[in-house]
Protein chains: 2
Amino acid sequence: MAKKSTQLSGVKEIARRAKVSIGTVDRVIHDRAGVSPKTKEKVKKIIAEMNYKPNLLGRILASKKTFRFASLIPKVSPETSFWEAPLKGIEAAEAEIRQYNVEVKKYFYDQNDKGSFVTQYRKILKEEVDGVLLAPSFIDESVAFTNQCKKLKIPYVFIDSDIPDQPSLAYIGSDLFHSGYLGADLSRHLIGKKDKILIINISKELDNHHHLLRKEEGFRAYFKNNGYTNLLMTIEIRKTDHNAIKKALEKVLAENNDIGLIFVTNSKVSGVASYLKETKKTNIRLIGYDFLKENIDFLNENIIDFMICHKPGEQAYRGIMALYKHLVLKLPVEENTFMPIDIIMKTNYAFYNN
Amino acid sequence: MAKKSTQLSGVKEIARRAKVSIGTVDRVIHDRAGVSPKTKEKVKKIIAEMNYKPNLLGRILASKKTFRFASLIPKVSPETSFWEAPLKGIEAAEAEIRQYNVEVKKYFYDQNDKGSFVTQYRKILKEEVDGVLLAPSFIDESVAFTNQCKKLKIPYVFIDSDIPDQPSLAYIGSDLFHSGYLGADLSRHLIGKKDKILIINISKELDNHHHLLRKEEGFRAYFKNNGYTNLLMTIEIRKTDHNAIKKALEKVLAENNDIGLIFVTNSKVSGVASYLKETKKTNIRLIGYDFLKENIDFLNENIIDFMICHKPGEQAYRGIMALYKHLVLKLPVEENTFMPIDIIMKTNYAFYNN
DNA sequence: TGAAAAAACGGGAAGGTACACGGAAAAATA
DNA sequence: TATTTTTCCGTGTACCTTCCCGTTTTTTCA
């Protein structure tokens, strides 16, 4: 319960020492015109001596500016509830920084419709926003959007997946290669040395597809690097409905009766699980991605053995906070944040924070 | 870049509407004496109507109070570097909230010396602190300390382990039973149905011992609940030096030549790993606890297969933030926060945030 | 009824920063 | 030299709350 003694910091003290007014100190700090070189030098010296750091509270309080952030992520669809967690992350961050005059306006696009992405980003560009959080599902469109942002000097943060060679304020996501690599490591514990492994990439949109490939690469690399000789085969499924998955699985399982494990490279693992449950193929182990309700259910029924997850909610939370740190607090921001590669199983999912 | 229009919120507006002064409004808000019941009612009504929430920035800025927190955790010793992470967590939290007039004074005790714990907490009680973060390694002493805190109305937060029936502002830690339960689930993937399993509890201090037992309980419960019939045996090692561990292991392994897996219930797993490496017992799988340098090394050499971890750094970070939320922001605080039970292996440790 | 005591309330400063505005001094132009 | 333009700098106000110090009003009691 210590009371502060008399102030020895702050603009006031600088002004006193430099024998100028607070206004002048302010001009020096913000490098505005209207200060003679001599005065400027003197004030700068004192600032350096005092190791002066502006008081953030005062700054935010004094500036009447309301920062406006925009987030652009896929909407929660019946197809997948994956984006629920990021949305919650955004809202949590917003609740925390609203008191510092920050507003977050949320925009959503349809993951199966590039047009909706364009429509939404155009809306954002019309509003004058100070920062953007972006899940760049569509590559070319995201490049176009962020190029505009660069022109307008609006900083943007990528979450979930990165656009290489498009320098952003920050990227917060996961290392997909190593995530696949880990998946392979987990596989090894579930099957014998001679079991075949089936890798399944399920996605409608070609743009999302390269992420899946990256995981597959990691998966295959593990087996190669460690000298395992299990036969790995891959199938691609271009539709996400139950029937399409069923058909594809029926075909591949009919042709290969010695598949011991299936690795699904994204959250659509529940589709595969559903099929395995239906057909009572309990001898096939299953690894997939993402902490979704439907996946958890299959985890509980021992149909899915492991799930890999990258905390999408925290990614979004951190993304908003990165904008806040950069724009409001004017603090440096980590350029690349790789989320942990979490392993979820029946016995620990209850404690997981997505 | 929206500028705020004229204020419609804040004490000023309340005062204007109630036709009283700001001072009176303040008295009503803080329930201080010196306001007539009539005026008080009127102001309260307007506050309710406006759904007034005090501006935190203004509040912190105006109150000259510096909050003083104290943390009391074990010191980093040559014996274990476990407490490095919590220390970093505390420092990270402090860096973040220092700007809001919060100071954290760090106190350390020797985990093998109850006396040092008492000495340190007495020091804390002499200083007038506003909140305490505590790792309650010694039960009776912790109860004594926190009873004093209660008397002095100083809120305290437990991390790492809880003291049941000692109601605190918050407990931030892990569910040890389920952590052991998960360990057992992992074990199952590493060994055959007939392998023996050795559980090892290594600790000098009896007070710490019950935590280990809780994990053991969880471990055993898993096997029981799931109908596995592997033979489980436990040994206790009451010293932490290499030689003591070596001797104990030599004895038990000589008597049991069919042990397939060892589960060490705490971070001392590196001691066991070291012995296994020395004696080239590569046919024994090993699971243990905590993200420590020495453990990671053995993970890398495939001597430790899995490690379980509860983010001790984040526990401490959140503990400090809980005090901050409660005391400075006057926000409600979650009473029990259970950290995720993380699985660490060779292929994902590089991405782990301890 | 009048004075003293108590209660109720207003005003202002502090806390640190931002920024518009206006005044004074210096420099440039007529 | 007189006038205008720049350059430089100080002042005042706003942001919002807290808290102390007075002042005004009401109550109490002689």
Side-chain angles (χ1 to χ4, degrees), chain A residues 1-44 47 50 52-67 98-102 328-330, chain B residues 1-44 47 50 52-67 98-102 328-330:
Chain A
M1 293 256 187
K3 295 271 172 179
K4 260 193 184 169
S5 56
T6 41
Q7 51 140 30
L8 320 112
S9 60
V11 281
K12 224 172 196 168
E13 174 66 11
I14 298 171
R16 198 184 61 77
R17 292 200 203 178
K19 295 191 176 65
V20 296
S21 80
I22 294 173
T24 304
V25 174
D26 188 58
R27 273 182 282 264
V28 173
I29 290 170
H30 295 94
D31 213 20
R32 286 204 310 274
V35 186
S36 68
K38 216 169 53 183
T39 314
K40 195 167 180 172
E41 223 25 69
K42 189 168 61 177
V43 172
K44 272 194 172 168
I47 288 177
M50 289 174 57
Y52 163 81
K53 294 271 178 299
N55 181 309
L56 291 171
L57 278 76
R59 166 171 288 170
I60 297 166
L61 196 58
S63 103
K64 277 143 257 166
K65 185 167 169 30
T66 296
F67 286 90
R98 193 164 25 209
Q99 31 173 313
Y100 307 116
N101 295 341
V102 180
V328 182
L329 304 183
K330 297 183 200 305
Chain B
M1 294 254 185
K3 295 270 172 179
K4 261 193 183 167
S5 56
T6 41
Q7 50 141 31
L8 316 115
S9 60
V11 280
K12 221 175 197 166
E13 174 67 10
I14 299 171
R16 199 184 61 76
R17 293 202 202 178
K19 294 191 176 63
V20 296
S21 79
I22 294 174
T24 304
V25 174
D26 189 58
R27 273 182 283 264
V28 173
I29 289 170
H30 294 93
D31 212 20
R32 285 202 311 273
V35 186
S36 69
K38 217 170 52 183
T39 314
K40 195 167 180 174
E41 224 25 70
K42 187 168 62 176
V43 172
K44 270 193 175 170
I47 287 177
M50 288 175 59
Y52 164 80
K53 294 271 177 299
N55 182 308
L56 291 171
L57 278 74
R59 165 169 289 171
I60 297 166
L61 196 58
S63 110
K64 278 143 252 167
K65 184 168 171 31
T66 296
F67 286 90
R98 193 163 25 210
Q99 30 172 311
Y100 307 116
N101 295 340
V102 180
V328 182
L329 305 184
K330 297 182 201 304

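Here is how names work: the chains are called A, B, and so on, in the same order as the sequence lines, proteins then strands, and each is numbered from 1. All heavy atoms count here, side chains included; hydrogens, waters and symmetry mates do not.
Under the side chain to side chain donor-acceptor pair (under 3.5 Å) criterion, B:K330 pairs with no residue, sequence neighbours left out. Evaluation of the side chain to side chain contact (heavy atoms under 4.5 Å, CB included) rule for A:S36 yields A:K38, A:T39 as partners, not counting sequence neighbours. In this view, A:K40 and A:D31 satisfy the side chain to side chain donor-acceptor pair (under 3.5 Å) rule, not counting sequence neighbours. Annotation: side chain to side chain contact (heavy atoms under 4.5 Å, CB included) contacts of B:R98 (sequence neighbours excluded): B:E94, B:A95.
Taking every heavy atom of both residues into account, A:N101 and A:I60 meet most closely at ND2-O, 3.8 Å. A:I14 and A:V43 make their closest contact through CG2-CG1, 4.1 Å (heavy atoms, listed as atom of the first residue, atom of the second, distance). Counting all heavy atoms, side chain and backbone alike, A:R59 lies closest to A:P54 at NH2-CG, 3.5 Å.
Straight-line distance from the CZ atom of A:R32 to the P atom of D:dT7: 16 Å, rounded to whole Å. Note: CG (B:D31) to C1' (D:dT18) measures 16 Å, nearest angstrom. When rounded to the nearest whole Å, the span between CG of A:N55 and P of C:dA14 equals 17 Å. Look at CZ on B:R16: it is 14 Å from P on D:dA14, rounded to the nearest Å. In this structure, the NZ atom of A:K53 is 12 Å from the P atom of C:dT17, given to the nearest Å. Here the P atom of nucleotide C:dG16 and the CD1 atom of A:I47 are 15 Å apart, to the nearest Å. The distance from atom NZ of B:K42 to atom P of C:dA8 is 14 Å, rounded to the nearest whole Å. One interatomic measurement links the two molecules: CG of A:D26 to C1' of D:dC8, which rounds to 15 Å at whole-angstrom precision.
Residue A:V35 is in sugar-phosphate contact alone, with no base atom involved, counting any heavy-atom pair closer than 4.0 Å across all strands shown.
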Step-by-step salt bridge (Lys or Arg N to Asp or Glu O under 4.0 Å) determination, A:K44 to A:E41
CA-CA 5 Å; A:K44 272 194 172 168; A:E41 223 25 69; 5.4 Å; no

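Direction of the helix axis in the helix from C:dT1-D:dA30 to C:dA30-D:dT1 shifts by 60° between the two five-pair termini, rounded to 10°.
Regarding contacts with the backbone of C:dC19, every side-chain N or O of A:H30 stays at 4.0 angstrom or more from both OP1 and OP2. Look at A:R59 and you won't find any side-chain N or O under 4.0 angstrom from OP1 or OP2 of C:dG16. Contact annotation: B:Y100 side-chain N/O to C:dG15 OP1/OP2 distance is not under 4.0 Å.
Counting heavy atoms from C-beta outward, A:R32 and A:D26 have side chains that approach closer than 4.5 Å.
Nearest to the side chain of B:S36, among C:dT17, D:dT17, C:dA8, sits C:dA8. Comparing atom distances between the B:P54 side chain and each of C:dT17, C:dC9, D:dT17 picks out D:dT17 as nearest.
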Polar atoms only, N or O, under 3.5 Å: list the protein pairs with nucleotides 10-12 of chain C and their distances.
residue: C:dG10; atom: OP2; partner: B:S21; partner atom: N; Å: 2.4
residue: C:dG10; atom: OP2; partner: B:S21; partner atom: OG; Å: 3.1
residue: C:dG10; atom: OP2; partner: B:T24; partner atom: OG1; Å: 2.9
residue: C:dG10; atom: N7; partner: B:R27; partner atom: NH2; Å: 3.1
residue: C:dG10; atom: O6; partner: B:R27; partner atom: NH1; Å: 3.4

